[in-house]
Amino acid sequence: MRSRITRYLLTLILPTALLCLVFVYSLYHEERTMVRQNLEAAEELRLLAGARSLGGDIGSVAGDVRLMASLPSMKAVLETSDAPALAALMADFVALAASRRVYDQLRWIDETGMERVRIDYVQNQPQVVPEERLQNKAQRYFFAATMQLAPGEIFVSPLDLNVEQDQVETPIKPVIRFAMQVRDEAGVVRGIVMANYYGIYLLDKFADVTEARAGGARVHLLNRDGYWLRAPQPGDEWGFMFGRKEHFGTRFPLAWERISAGEQGRFEDADGLWSFTTVRPLLAGRAAASEAPGEVPAAVGADDYVWKAVSRIPPDVLL
């Protein structure tokens with residue numbers, strides 16, 4: 001009798017229990033799917049916002065370099081090279097630096113590579129560098145590259161660290177150099193004008209808009225060679241400036257193979273869930289500048305100026 005009752009109860013309880021387990025698993029699976037979809041959507045939005053932030057100021061910086069080259073004081077100093085003309089050019093550069101407050105240096109470098117006018121932005125004030133501290137930059141890559149440009153073209157350097165007296169300046173100072181030739185009335189190249197833009201503004205904007213509020217995601221900003229410009233661990237940044245061999249591609253070779261070959265995408269491997277997009281800040285800058293009246297400066301190599309914004313959600317967060 002007892003065994004019959006037991007069997008009867010089991011026939012009632014077991015199916016109900018199984019149904020409950022299926023229901024609970026279904027809810028759990030649905031919840032995990034929803035969390036996963038939310039994570040993926042959040043990473044896509046963060047990377048898109050980060051990519052947009054990187055092109056915001058580029059157009060205006062290129063426009064300022066064109067302005068420097070066309071200043072009446074610039075034209076005057078190329079014709080006379082006397083002290084009053086030089087002083088007028090210094091005053092104009094000081095006014096531009098004080099107005100914008102985003103330039104580490106504004107310079108006129110003559111055709112021999114010698115700095116003739118240099119304004120440094122120090123402690124929130126533009127300062128004229130005295131003649132005895134001016135340096136020859138003939139051997140620096142940006143001078144040679146700009147001197148080879150066609151009229152009207154603008155050189156834009158990679159985002160790297162400022163170098164003084166052949167040493168990386170400390171504390172480190174990320175800069176992007178914008179430069180173009182200056183010519184006298186006869187069309188003879190008389191050197192270049194250059195603006196060193198504080199790259200930290202771009203990097204800080206990128207970090208602000210891509211900061212993870214939750215989920216444990218880590219965002220990387222990489223140059224085209226896979227070196228970190230912004231990393232979850234600051235010690236990984238700027239390895240190419242210090243001769244380091246390790247970069248994103250050596251640490252995550254399989255992920256880098258896919259990221260470097262694609263425009264954008266998302267995939268999962270043993271290291272987690274990856275989302276990435278390609279950033280071309282010079283093209284974004286030209287698009288922004290084209291919304292304003294006037295000629296848009298041509299940035300040399302804009303199509304090849306490529307960064308990668310990459311998000312990684314570690315495997316333990318996906319569990």
Side-chain angles (χ1 to χ4, degrees), residues 57-147 149 154-157 159-185 188-202 204 297:
D57 295 336
I58 297 296
S60 61
V61 177
D64 281 347
V65 172
R66 187 175 291 275
L67 171 66
M68 291 167 65
S70 63
L71 285 169
S73 57
M74 184 81 250
K75 296 182 183 300
V77 82
L78 295 180
E79 295 302 315
T80 66
S81 296
D82 60 16
L86 201 61
L89 181 62
M90 291 177 184
D92 284 344
F93 280 15
V94 166
L96 180 61
S99 172
R100 298 290 194 260
R101 296 186 293 178
V102 295
Y103 297 122
D104 177 47
Q105 297 173 356
L106 297 177
R107 287 180 283 181
W108 167 41
I109 302 173
D110 71 17
E111 63 271 23
T112 71
M114 189 66 199
E115 294 176 334
R116 297 293 301 280
V117 174
R118 172 171 162 175
I119 310 302
D120 286 356
Y121 202 72
V122 181
Q123 296 181 346
N124 297 319
Q125 293 292 332
Q127 297 183 4
V128 177
V129 176
E131 184 176 358
E132 63 271 15
R133 288 180 49 210
L134 298 179
Q135 303 172 42
N136 191 290
K137 300 293 184 178
Q139 301 305 313
R140 295 303 308 278
Y141 71 92
F142 53 76
F143 177 76
T146 307
M147 289 293 285
L149 297 182
I154 290 181
F155 168 80
V156 184
S157 77
L159 174 60
D160 60 18
L161 301 180
N162 197 49
V163 173
E164 292 294 338
Q165 304 293 347
D166 298 323
Q167 298 290 327
V168 173
E169 186 177 1
T170 54
I172 62 171
K173 188 182 294 181
V175 294
I176 306 177
R177 300 165 187 84
F178 292 73
M180 69 181 298
Q181 296 172 3
V182 290
R183 296 170 181 259
D184 61 21
E185 292 295 330
V188 177
V189 178
R190 299 290 304 280
I192 69 174
V193 289
M194 173 174 286
N196 285 18
Y197 173 75
Y198 281 122
I200 196 65
Y201 289 117
L202 291 182
D204 283 350

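We use all heavy atoms of the structure for the numbers below, so side chains are in, but hydrogens, waters and symmetry mates are not.
Shown here are the ring-ring contact (aromatic ring centres under 6.0 Å, His included) partners of Tyr201, two or more places apart in sequence or in another chain: Tyr198. Taking Arg183 as the reference, Pro151, Gln181, Val189 meet the side-chain contact (heavy atoms from CB on, under 4.5 Å) condition, with sequence neighbours excluded.
For the pairing with Asn196, the side-chain contact (heavy atoms from CB on, under 4.5 Å) check across Val102, Asp120, Asp104, Val61 returns one residue only, Asp104. Checking each of Leu78, Ile192, Leu71, Val77 against Val182 for a side-chain contact (heavy atoms from CB on, under 4.5 Å) leaves exactly one that passes, namely Leu78. Of the residues listed (Gln135, Arg107, Lys137), the one engaging Glu115 in a side chain to side chain donor-acceptor pair (under 3.5 Å) is Arg107, and it is the only one.
For the 3.5 Å distance criterion, the side chains of Arg177 and Tyr141 qualify, holding a donor opposite an acceptor.
In terms of heavy atoms, Ala62 sits closest to Ile154 at O-CD1, 3.4 Å. Shown here for Ala69 and Met74, the closest heavy-atom pair between the two residues is O-CG, 3.8 Å. When every heavy atom of Phe143 is checked against every heavy atom of Thr112, the shortest pair comes out as CZ-C, 4.2 Å. Here the closest heavy-atom approach between residue Met194 and residue Ala179 is recorded as CE-CB, 3.7 Å. Residues Trp108 and Arg190 approach most closely at NE1-O, 3.3 Å, considering heavy atoms. Across all non-hydrogen atoms, the minimal contact from Val117 to Leu86 is CG2-CD1, 3.6 Å.
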Tyr121/Ile119 under side-chain contact (heavy atoms from CB on, under 4.5 Å): CA gap, chis, key distance, verdict: CA-CA 7 Å; Tyr121 202 72; Ile119 310 302; over 6 Å; no

Residue pair Asp64, Tyr103: steps toward the side chain to side chain donor-acceptor pair (under 3.5 Å) verdict: CA-CA 10 Å; Asp64 281 347; Tyr103 297 122; 2.6 Å; yes

Trace of the side-chain contact (heavy atoms from CB on, under 4.5 Å) decision for Val175 with Asp160: CA-CA 6 Å; Val175 294; Asp160 60 18; 3.9 Å; yes

Arg101/Asn124 under side-chain contact (heavy atoms from CB on, under 4.5 Å): CA gap, chis, key distance, verdict: CA-CA 7 Å; Arg101 296 186 293 178; Asn124 297 319; over 6 Å; no

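Looking at Arg116 and Leu89, their side chains never come closer than 4.5 Å, going by heavy atoms from C-beta outward. Using a 4.5 Å heavy-atom cutoff, the side chains of Val168 and Asn162 are not in contact. By the 4.5 Å heavy-atom criterion applied to side chains, Met68 and Met180 are not counted as neighbours.
Judged purely by atom type and a 3.5 angstrom limit, Thr146 uses its side chain to pair as donor or acceptor with the backbone of Phe142. At least one donor-acceptor pair closer than 3.5 Å links the side chain of Glu79 to the backbone N or O of Glu185.
Within a 6.0 Å sphere centred on CD of Glu132, other residues, nucleotides and ligands contribute more than 12 heavy atoms.
Within the model, atoms OG of Ser60 and CZ of Phe178 stand 8.5 Å from one another, a figure rounded to the nearest 0.5 Å.
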